[in-house]
Number of protein chains: 2
Amino acid sequence: MRILVQKFGGSSVRDPERIKRCAQRIVASARQGYAVVAVVSALGDTTDELIALSKQIAERPPAREMDVLLSTGEQVSMALMAMAVDALGQPAISLTGRQAGIQTDAVHSKARILDVDTQRVRKELESGRVVIVAGFQGINAADDITTLGRGGSDTTAVALAAALGAEMCEIYTDVDGVYTADPRVVPTARKLADISYGEMLELASLGALVLQPRAVEFAAQHKVPVHVRSSFNYNEGTIVREERQVERGMIVVGAAHDTNVAKVVLRDVPDHPGVAYRIFSALAAEGINVDMIVQTTRQGEVTDLVFSTARNDLARVREIVSEVATNLGAGPVLFDDTVAKVSIVGAGMVSNPGVAAAMFQALAEEHINIHVISTSEIKVSCLIDQEHVERAMRAIHAKFGLDAASSVPNVS
Amino acid sequence: MRILVQKFGGSSVRDPERIKRCAQRIVASARQGYAVVAVVSALGDTTDELIALSKQIAERPPAREMDVLLSTGEQVSMALMAMAVDALGQPAISLTGRQAGIQTDAVHSKARILDVDTQRVRKELESGRVVIVAGFQGINAADDITTLGRGGSDTTAVALAAALGAEMCEIYTDVDGVYTADPRVVPTARKLADISYGEMLELASLGALVLQPRAVEFAAQHKVPVHVRSSFNYNEGTIVREERQVERGMIVVGAAHDTNVAKVVLRDVPDHPGVAYRIFSALAAEGINVDMIVQTTRQGEVTDLVFSTARNDLARVREIVSEVATNLGAGPVLFDDTVAKVSIVGAGMVSNPGVAAAMFQALAEEHINIHVISTSEIKVSCLIDQEHVERAMRAIHAKFGLDAASSVPNVS
């Protein structure tokens, strides 16, 4: 049995007409001989509408009940998709996350998939049915409905593809694939034919919203090739796969930017052991992710501690950090929500010195000041003023020869 | 543990404001010391909206997928109700039909409850939570979602009350209780303080829409007292209970009318064995209910066969009966969709001769012609022209002393 998993996002199933078009694609794949599992998101803005409804009832509804509520969105679309496929003469059956064996941990609203019991899905595929699965949802050990957090349907699709040994996991979305940068910011951005898991993971984490980081992680772990493509045309998209299969030898494959960023500066922090631990454990306890962290020692006794965090967490960060800083006897704390992060990503970087320097040069040539730098083996990120973000992205994109028909060499 | 089951219908949970008001009622009962199980219907017109959505996808969607789709309506309201109860400081948990152990047969869209596994519900009640259960839905042996058909939430509530040994099952609706007739047709109709299961079953089957017949059947089997009352005020409603507990000694407790009726007349049907079987088994095979059946022999060799059926089934009935009639060599078939059924119900009838005669007299005095008569131990029904239905109802209601402050005796 050649298994194909296809995932259709919220914009692909916005209304009955679009659902029918996706159904045609599913049926075409089935008629090519694939056993098809289609994972669907909620229709268009359903999730936001349900959240708004809950806000009319309670300010802070229990997370368990939010999951019960939100999971209905995908259940509606899975039923409609099964009806649409069936109407084309192709037997189909819809399964909730639970029925499809998506077992998660107990963390409501951002549960992680622990295991996939494929028994029911396999049985239905073997009987010749297309299986439509509700994305974004699963069941925990207490038999309660969980959701995987925003974009969780990608993870559902990849996890199912991994557990079923699918040939490919196709992610249908409203863009044509993975680009060297966001085309709305960098008009010369090019679509990549393929990209490695590691590069995709960095790009996704750095603000390229085309795929959920957790889904990429899952795909990498289980070596599931993922085809990111548009549900509005039949163009080839971008295949995310193992690095050794990626033939292109570009050093830098893409640039990403993220404006949901804020910078926090703690001045005159006493420079002794355990200080960083106290600050960051307090944030972690509230579930707040901290991104770039930089510490510089000044005058022996005190240091400045700088870090970035998501801008929409800033209110809570302000509360927590101000209290910790007072307790530590640190100096003033500064919060800056006018910054943005620009990054470059490429698996070839590690063996090519000078990549980071080239990025700094591109920014310097544009007279853009860098607040904070953070690097990994396959990425370099810089925090800059948000007002310069478009100019910075275009300069970086050009510098690394990512522009369409660029003559700048970018080959390892 | 004193258990109370409360069911809130679609009009009681139409919007967030109404949901909050129902939640207050639930919490009040919990604070009186009851372990409360609340069964909820879908919000207002949700079910109709989902049906309309499905029609945009497929003309005849598979019944299994319709159940998947429609069951989301109750899942939304159960989550919102749990949030509303929780917001009042009372711990609550929502459970789907499956989680609440509602096990049904396999007939999608009109499944019957076979068993209720109360383990989870009991566990939650024992831990001090109010349990909110999605009405109208269950799970079949294949682990697929089923729905119980229109009004199925009543049945869910009564089945849960029976399985849990609840003290009472309260049905909150948009009317004050069970009336001696529909007050919109008979302005002098009175609310009954109580009524027996048998009488309620007849009234419900004869067109009084306040309770589902199946729910009454369930309540009678398990001797669950059912309190039908309004969710918009705190008046006492009507208690449906065992006959020996009903203290009132009225012969006739109510009159009902139904305009979703059509009459079918088969003329000159050969009068030999098996003829009725052929006609009615053909209808039963299509799931069509036949109500009143009358056969009169004429001239030895042929008979006229008259029966009534639901008017909204008439198109299919016409098809089936015309074909059977031709095969039987019967005469012409006449279909009449301008009739209506008026009925009286009362457990005291069986021991009081002359009740049927009094009904015929009431109609005769109004010069209303009777097409078909059908009787049981506790009811008499007459098919009349629909145009006379209001006049007929008022006359019957007055004849049996059902009018408020009536002086006509109606005591056994």
Side-chain angles (χ1 to χ4, degrees), chain A residues 13 15-20 23 42-43 46 49-50 52-88 91-96 98-99 101 119-120 123-124 132 134 139 142-145, chain B residues 13 15-20 23 42-43 46 49-50 52-88 91-96 98-99 101 119-120 123-124 132 134 139 142-145:
Chain A
V13 294
D15 55 49
E17 277 320 304
R18 289 196 185 176
I19 290 172
K20 286 188 206 171
L43 272 64
T46 309
E49 286 163 19
L50 290 172
L53 195 56
S54 73
K55 294 288 175 219
Q56 290 181 60
I57 297 280
E59 226 167 284
R60 289 194 178 187
R64 179 195 183 275
E65 301 302 334
M66 275 309 285
D67 281 0
V68 171
L69 181 68
L70 296 186
S71 65
T72 62
E74 280 72 22
Q75 189 170 326
V76 166
S77 39
M78 83 188 206
L80 296 176
M81 187 64 87
M83 291 174 186
V85 170
D86 177 272
L88 294 171
I93 187 163
S94 71
L95 299 178
T96 61
R98 184 189 66 79
Q99 290 171 323
Q119 210 179 319
R120 175 86 192 256
K123 197 193 84 181
E124 301 296 348
I132 317 289
I139 196 95
D143 193 32
D144 284 335
I145 297 167
Chain B
V13 294
D15 54 48
E17 278 320 305
R18 290 197 184 177
I19 290 173
K20 286 188 208 171
L43 271 65
T46 310
E49 286 163 19
L50 290 171
L53 194 56
S54 74
K55 294 287 174 219
Q56 290 180 60
I57 297 279
E59 226 166 286
R60 290 196 178 185
R64 179 193 182 276
E65 302 302 334
M66 275 309 285
D67 281 359
V68 171
L69 182 67
L70 296 186
S71 64
T72 63
E74 280 73 21
Q75 189 169 325
V76 166
S77 38
M78 81 189 207
L80 296 177
M81 187 63 87
M83 291 173 186
V85 171
D86 177 273
L88 294 172
I93 188 164
S94 72
L95 300 177
T96 60
R98 185 190 65 79
Q99 290 171 324
Q119 212 179 317
R120 176 85 193 256
K123 198 192 81 181
E124 302 296 348
I132 317 289
I139 197 91
D143 193 32
D144 285 336
I145 296 166

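Computed from heavy atoms alone, side chains included, the values below leave out hydrogens, waters and symmetry copies. Quick note on labels: first sequence line is chain A, next is B, and so on, each numbered from 1.
Atom CD1 of residue B:I145 and atom CG of residue A:L95 lie 9.5 Å apart, to the nearest 0.5 angstrom. Summarising the geometry, atom CE belonging to B:M83 is positioned 10.5 Å from atom CZ belonging to A:R64; distances are rounded to the nearest 0.5 Å. Taking CD1 from A:I93 and CD from B:E65, the interatomic distance works out to 6.5 Å, rounded to the nearest 0.5 Å. Taken to the nearest 0.5 Å, the OG1 atom of A:T72 stands 9.5 Å off from the CE atom of B:M78. To the nearest 0.5 angstrom, A:M66 atom CE is 9.0 Å from B:L80 atom CG.
Both the backbone and the side chain of A:A79 come within less than 4.5 Å of a heavy atom in chain B. Contact of B:L69 with chain A is made through backbone and side chain together, with heavy-atom distances under 4.5 Å. Neither the backbone nor the side chain of A:A134 comes within contact range of chain B, judged by heavy atoms closer than 4.5 Å. Looking at A:A23, neither its backbone nor its side chain comes within 4.5 Å of chain B, counting heavy atoms on both sides.
Ranked by non-hydrogen atom pairs under 4.5 Å with chain A, the options B:L53, B:I19, B:D67 are led by B:L53. Of the listed residues B:A84, B:P62, B:A92, B:S94, the one with more heavy-atom pairs under 4.5 angstrom with chain A than any other is B:S94. With chain A as partner, the option from B:T96, B:V68, B:D86 having the largest number of non-hydrogen pairs under 4.5 angstrom is B:V68. Most heavy-atom pairs under 4.5 Å with chain B, from the set A:G73, A:P61, A:A87: that is A:P61.
Listed for the B:K20 side chain is a donor-acceptor partner under 3.5 Å among the backbone atoms of A:Q56.
For B:D15, there are no salt bridge (Lys or Arg N to Asp or Glu O under 4.0 Å) partners two or more places apart in sequence or in a different chain.
Considering every non-hydrogen atom in both A:R120 and B:D144, the closest pair reads NH2-OD1, 2.8 Å. Nearest heavy atom pair, residue B:R98 against residue A:D143, reads NH2-OD1, 2.9 Å.
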